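Shown next, in C-alpha cells, is the structure this report addresses.
Heavy atoms only: backbone and side chains are in, while hydrogens, waters and symmetry mates are out. Bear in mind that the values here come from a model prediction, so they are computed numbers and not experimental data.
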Amino acid sequence: MTQIRLHSPALNSEIEVNRIISSLQGEAGGPTLIFLAGIHGNEPAGVFALHRVMNFIKEKHVPLSGNIYCLAGNLKALKRNARFISEDMNRIWTRGRIDLLPETPEEAESEEIAEQVEVYNQIREILKTHPGPFYFFDIHTTSSETLPFLTVNDSLLNRAFISQYPIPVILGIEEYLNGPILSYINELGYVAFGFEAGQHDDLASIENAEAFTLLSMVFTGALKQEDIDYHHFYDMLAKTAGDVRHVYEIYFRYLIKPEAKFEMEPGFFNFQRIHKNQLVARNNGHEIRAKTNGRIFLPLYQSQGTDGFFAIRRIKRFFLNLSTKMRKHRLDRVLVWLPGISWLDDKRSALVINRNIARFLAKQLLHLLGYRSIEKSEKYLLAYNRESEARKQDYDQANWYERIYDSV
C-alpha cells in the first residue's frame, strides 16, 4: 500500500499517511462514517485534521458507537502538493467512467485513475462490511480566503442532515461540476456532502476541519455531546458565519478554456458581494465583468483548475419550503403529461426532455422539483432527481430524520 510523508507548514509537523488515514470500530449498532480528505493534493488541511481528531478519540478513549473510516484521496498529488497529476480526481466519478474502471491500480491509464481505483475499492469494501446507515463527508480547502461552508447535492435527505450545522450552505453544485465523488455517492442514495474549511495553508482551516469532524460524529450519533467539548466546537464554526448563515445556489460559472490565460482580480474572497459591471477577472487580457449583483464564490487563485469563479445568490426560505412540499407530493409526475417529456426508466430516476420543449421549461421549476444534475445531447436533456435515489429508510431511526421535510 502506498505511504507518503506529508508536511504541514501551518502546524510545522509531518505525518505518515496511508490510503486509510485512520479507522475506529466502536460499539455495534451505530452508524458508519466515511471521511475523505486530500482528493485535491494541494489541500492537505483535512488530512491533518482527521489524523488529529482520530488520535484524540483514541488517546482520550472517547466512547464510540459504530465505525469511522478516514481516507486520503490523491496520495501522489498530496506528495507533490499539486491539485492533481494528470487530471482532476474530483471530476472523474461519472457513471460512464465508473463502469470502465479497471480492477487494479496497475491497469490504470493515469495516476488519478489508479488512485480512484483504490478509493473506489475501499469504499465498496466498507459498504459491504458494515450494515449502515452510512454517512460520507468530503473535506476541502480553497485557494482564496473563505469562511467555512457546506456544498450539498440538493436532496431532502441531505438538506435535513446538514440543517444541524451553523454555517452557510451551497445547494446544487452538481449542476455545474461534472464527476465529483459526492455526486457518485449521492447517486447510491447515501447522505454525502462537502465541507470547505478555509484557505489551503491557513492554520484555521485545520481547526475548522477538526470542529466539523467532531460535530459530524455527534450529529450522526457516533459520539455523544457530553463526551467532547461540543459547545466549543459548535460555537467555533457558528462565529465564522457572521451574517451569511443562509442557503445559496450557484447561478453562474466562468469556465476557463484550455490554454487560456485567466487571472482573477486580486482581493476577492468567498461570499463577497459583487455588483453588476464590476471587474472580476481577465481572460487572455479581456475584461470579465459581473453580469448581475450577487456574491462571488470560489474565485480561482491557483494555476490548476478550470472553474474561474462562480456567482451565488441566497435562496429565500419561501422557495425552500415550496420545493419541500412539491417534492413530498411528487409533483414532478405532472411534467410527463407535457409533450416531449418522458421518464428515462421505470425507476423514474431522470426526465428525458426534448430540447425544443426545454426552451419553455423554466430552470427554476426543475430546481424546485429537485432536478439539478443535467446531461445534454444534441436533441435531449437528461435531468436527474436525487429524491428517487435517496435511501430514506436507512436513516428513519436517526434523531435528525424528523427534519426530512423541513427546510434548512
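Among N90, T142, T141, D88, the single residue meeting the side chain to side chain donor-acceptor pair (under 3.5 Å) criterion with H40 is D88. Of the listed residues (F269, F297, Y248), just one forms a ring pair (Phe, Tyr, Trp, His ring centres under 6.0 Å) with F149, and that residue is F297. Paired with D307 under the rule salt bridge (Lys or Arg N to Asp or Glu O under 4.0 Å), one option of R83, K257, R91 passes, and it is R91.
Shortest non-hydrogen contact noted between G179 and T94 is CA-CG2, 3.7 Å. P148 and T240 get closest at one heavy-atom pair: CD-OG1, 3.3 Å. Between T306 and L255, the shortest heavy-atom distance links the atoms O-CD1, 3.4 Å. The minimum heavy-atom distance linking H367 with E175 is given by the pair NE2-OE1, 2.8 Å. Heavy atoms only, all atoms of each residue included: G189 and Y395 are closest at O-CE1, 4.4 Å.
Between the side chain of D345 and the backbone N or O of R348, at least one donor-acceptor pair lies under 3.5 Å. D332 contributes no side-chain N or O that, together with a main-chain N or O of L369, makes up a donor-acceptor pair within less than 3.5 Å. Judged by distance alone, with hydrogens and angles left aside, the side-chain atoms of R403 form no donor-acceptor pair with the main-chain N or O of A160 at under 3.5 Å. A distance-only check finds no donor-acceptor pair linking the side chain of S65 to the backbone of A222 [under 3.5 Å]. A side-chain donor-acceptor contact under 3.5 Å links N208 to the backbone of A197. Between the side chain of E287 and the backbone N or O of A281, no donor-acceptor pair lies under 3.5 Å. The backbone N or O of V191 sits nowhere less than 3.5 Å from a side-chain atom of R391 that would complete a donor-acceptor pair. Of the possible polar contacts, none joining the N283 side chain to the H286 backbone as a donor-acceptor pair under 3.5 Å is found. One N or O on the side chain of E107 and one on the backbone of T104 form a donor-acceptor pair closer than 3.5 Å.
Annotation for K316: atom NZ does not count as buried by contact number, only 12 or fewer foreign heavy atoms lying within 6.0 Å. In this structure, E27 places its CD atom where only 12 or fewer heavy-atom neighbours from other residues, nucleotides or ligands lie under 6.0 Å away. The number of heavy-atom neighbours closer than 6.0 Å to CG of N178, taken from other residues, nucleotides and ligands shown, is 12 or below. Shown here is K376, whose NZ atom has no more than 12 heavy atoms of other residues, nucleotides or ligands within 6.0 Å. Atom CG of N284 is surrounded by more than 12 heavy atoms from other residues, nucleotides or ligands within 6.0 Å.
Taking the six-membered ring where the residue is Trp, F134 and Y190 present perpendicular rings, their angle passing 60° and hence far from 30°. The aromatic rings of F193 and F161 lie tilted to each other, with the angle between the two planes from 30° to 60°. Classification of the Y184-Y120 ring pair by plane angle, with boundaries at 30° and 60°, yields tilted. Taking the six-membered ring where the residue is Trp, Y135 and W400 present perpendicular rings, their angle passing 60° and hence far from 30°. Using bins of under 30°, 30° to 60° and over 60° for the plane-to-plane angle, the ring pair Y254/F309 lands in the parallel bin.
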key: From CA spacing to verdict: salt bridge (charged side-chain N to carboxylate O under 4.0 Å, His left out), E387, K328   = CA-CA 9 Å; E387 304 303 338; K328 180 179 179 180; over 6 Å; no
inquiry  = Apply salt bridge (charged side-chain N to carboxylate O under 4.0 Å, His left out) to residues D99 and R97 and explain how you reach the verdict.
reply    = CA-CA 5 Å; D99 290 342; R97 297 190 70 167; over 6 Å; no
query = Would I181 and I123 satisfy side chain to side chain contact (heavy atoms under 4.5 Å, CB included), going step by step from the backbone distance to the final call?
reply = CA-CA 11 Å; I181 188 170; I123 289 174; 4.2 Å; yes
inquiry  = Test side chain to side chain contact (heavy atoms under 4.5 Å, CB included) on E187 and R386; report intermediate values, then the result.
reply    = CA-CA 7 Å; E187 287 168 12; R386 300 293 183 225; 3.4 Å; yes
message = Applying side chain to side chain contact (heavy atoms under 4.5 Å, CB included) to L365 and M326, what does each step give before you reach the verdict?
response = CA-CA 10 Å; L365 176 59; M326 293 174 74; 3.9 Å; yes
query = Could you walk me through whether Y69 and L33 pass the side chain to side chain contact (heavy atoms under 4.5 Å, CB included) check?
reply = CA-CA 6 Å; Y69 291 88; L33 282 57; over 6 Å; no
CA sep, side-chain torsions, deciding dist, call: R372, E174, salt bridge (charged side-chain N to carboxylate O under 4.0 Å, His left out) = CA-CA 7 Å; R372 288 184 180 269; E174 68 268 30; 5.3 Å; no
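A salt bridge between E118 and R19 is present, with a side-chain N of the basic residue lying under 4.0 Å from a carboxylate O of the acidic one. The residues R327 and D154 are annotated as salt-bridged, a charged nitrogen and a carboxylate oxygen being separated by less than 4.0 angstrom. Checked for salt-bridge contact, K76 and E112 miss the test: no charged N lies under 4.0 Å from a carboxylate O.
One finds the CD1 atom of I296 at 8.5 Å from the CG atom of N270 (value rounded to the nearest 0.5 Å). With rounding to the nearest 0.5 angstrom, the CG atom of L298 is 7.5 Å from the OG1 atom of T146.
For the side chain to side chain contact (heavy atoms under 4.5 Å, CB included) test, residues two or more places apart in sequence or in another chain that qualify with E210 are A49, R52, V53, I206.
By the 6.0 Å and 45° rule, R313 does not stack over the aromatic ring of F252.
With 3.5 Å as the limit, one finds a donor-acceptor pair spanning the side chains of S183 and N153. Side chains of N186 and E389: a donor-acceptor N/O pair is absent below 3.5 angstrom, by distance only.
Within the structure, side-chain hydrogen bond (donor to acceptor under 3.5 Å, both in side chains) pairs that include any residue of residues 219-236 do not occur (at least two apart or interchain).
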